[in-house]
Structures are given as structure tokens and as C-alpha cells.
Amino acid sequence: MAMTHPFIRAAAFAVLAMILLAVLSVVVFLFLIGMPKDANALAAFQAEAAARAPMVDLILGGLIMLGCGWLAARPSGSDALQVAALMALFYIVIDVAIILMFGDVTAMAVGTTGLSYAVKTVAALIGGFLASRTPATPDPIAPE
């Protein structure tokens, strides 16, 4: 199957969004808070990062999902919204699986997590909508 298959494309861009959010969140935290210099500074860094994490996740996650939703849905034409929705669903499934495997489910803030998933899904759908309005061009990823 080629990379243009909607299922594979949605899954690949969901994984890309997950990786980008993790890496760019660290960059944003280092920019906003600064690099910890010693053990005391590390504890302060962790406390500050935990306090800012929901807002960084909403803003950065929304922007990343918008871009990945657009990229995933771009070659799909009239199915762009479905591909973007599938990408958002894959993202949520992967994130929940990570939380269930490595996180403390009882400590999860359900309201904040639900809001995060809602923002990311809407952003991906907006990306899909924008992709459906973009003139069709050859897919740079798929072999010809």
C-alpha cells in the first residue's frame, strides 16, 4: 500500500503529531522556564513545567494538530475531513494507550484531558477542512 492510503496516512501523522508535541513542549518549557542548573533548580523547573503544561499542551497541541490534520488530509480531496478525524482518533487512542501503560490513570485530570482532546480534534478537523479547500497537487510523499 502506498503512503496515500487514508488509514496509513492518518496513523503516520498521528504519530508525527505525538512526537512533535513531546519534543516541542520540551523546547517551549526550556524557553519559558530556563535550563535547570542543579538539583534545587530541577525541582523548581519540574514544578513550573507542571503548572504550565496544560496551557502549553492546548496551544502547541492545537497548532500541531492543525498542521498535521492539514498534511494528512491534503491529498484526500472530498474525504479530507474523514482523514483528519481519523488522524485525531488515532492520536487519542495512542495517547490513552500511553497513559494506561506508563501513567497513573487515577491522577489524570479528566476535565483537562478531555478539553485537550477536544481542542486537538477540532484543530485537526479545521486542518482537514482547509485541506479540502486546497487545490489538488501531486502528493510529495507517494511514489509516482
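It should be emphasised that the depicted structure is a prediction, and the values quoted were computed from it without experimental measurement. Each residue takes its place number in the sequence, starting with 1.
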Using the side chain to side chain donor-acceptor pair (under 3.5 Å) criterion, which residues pair with D104? Sequence neighbours excluded.
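Side chain to side chain donor-acceptor pair (under 3.5 Å) check on D104 returns T106.
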
Please list, chain by chain and in numerical order, all residues satisfying side chain to side chain donor-acceptor pair (under 3.5 Å) with Q82, sequence neighbours excluded.
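For Q82, no residue satisfies side chain to side chain donor-acceptor pair (under 3.5 Å) once neighbours in sequence are set aside.
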
Backbone of [Y] reached by a side-chain donor or acceptor of [X] within 3.5 Å:
| X | Y | value |
| --- | --- | --- |
| R9 | A72 | yes |
| S132 | F129 | yes |
| S116 | T112 | no |

Within residues 42-62 or reaching into it, pairs that qualify as salt bridge (Lys or Arg N to Asp or Glu O under 4.0 Å) - sequence neighbours excluded:
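For residues 42-62: E48-R52, D57-K120.
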
From [X] [atom1] over to [Y] [atom2], what is the distance, rounded to the nearest 0.5 angstrom?
| X | Y | atom1 | atom2 | value |
| --- | --- | --- | --- | --- |
| L60 | L20 | CG | CG | 8.5 Å |
| L42 | K37 | CG | NZ | 12.5 Å |
| Q46 | I33 | CD | CD1 | 10.0 Å |
| Y91 | I94 | OH | CD1 | 9.0 Å |
| T121 | I126 | OG1 | CD1 | 11.0 Å |

The single option from L24, I19, L16 passing side chain to side chain contact (heavy atoms under 4.5 Å, CB included) against I64:
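The passing option is L24.
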
Please report the closest heavy-atom contact between G62 and V119, naming both atoms and the distance.
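Smallest heavy-atom distance, with atoms named: CA-CG1, 4.3 Å.
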
Tell me, with the steps shown, if Y117 and L89 meet side-chain contact (heavy atoms from CB on, under 4.5 Å).
CA-CA 9 Å; Y117 291 154; L89 179 64; over 6 Å; no

Can you list, by chain and residue number, the hydrophobic cluster partners of V27 when the side-chain cut-off is 4.5 Å?
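ILVMFWY cluster around V27 holds nothing else.
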
Test question: given the 4.5 Å side-chain rule for I, L, V, M, F, W and Y, name all other residues clustered with M55, or answer none.
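Result for M55 is I59, L63.
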
Would one find more than 12 heavy atoms of other residues, nucleotides or ligands at under 6.0 Å from atom CE of M101?
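Counting other residues, nucleotides and ligands, CE of M101 exceeds 12 neighbours.
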
List in chain and number order the residues that pass ring pair (Phe, Tyr, Trp, His ring centres under 6.0 Å) with F45, two or more places apart in sequence or in another chain; answer none if no residue qualifies.
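With sequence neighbours excluded, F45 shows a ring pair (Phe, Tyr, Trp, His ring centres under 6.0 Å) to no residue whatsoever.
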
Would you say V28 and M65 are hydrophobically clustered, going by side-chain heavy atoms of ILVMFWY under 4.5 Å?
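The answer is yes; both residues are in one hydrophobic cluster.
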
Just checking F13 against F90, ring centres under 6.0 Å apart?
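Judged by ring-centre distance (under 6.0 Å), F13 and F90 do not meet the cut-off.
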
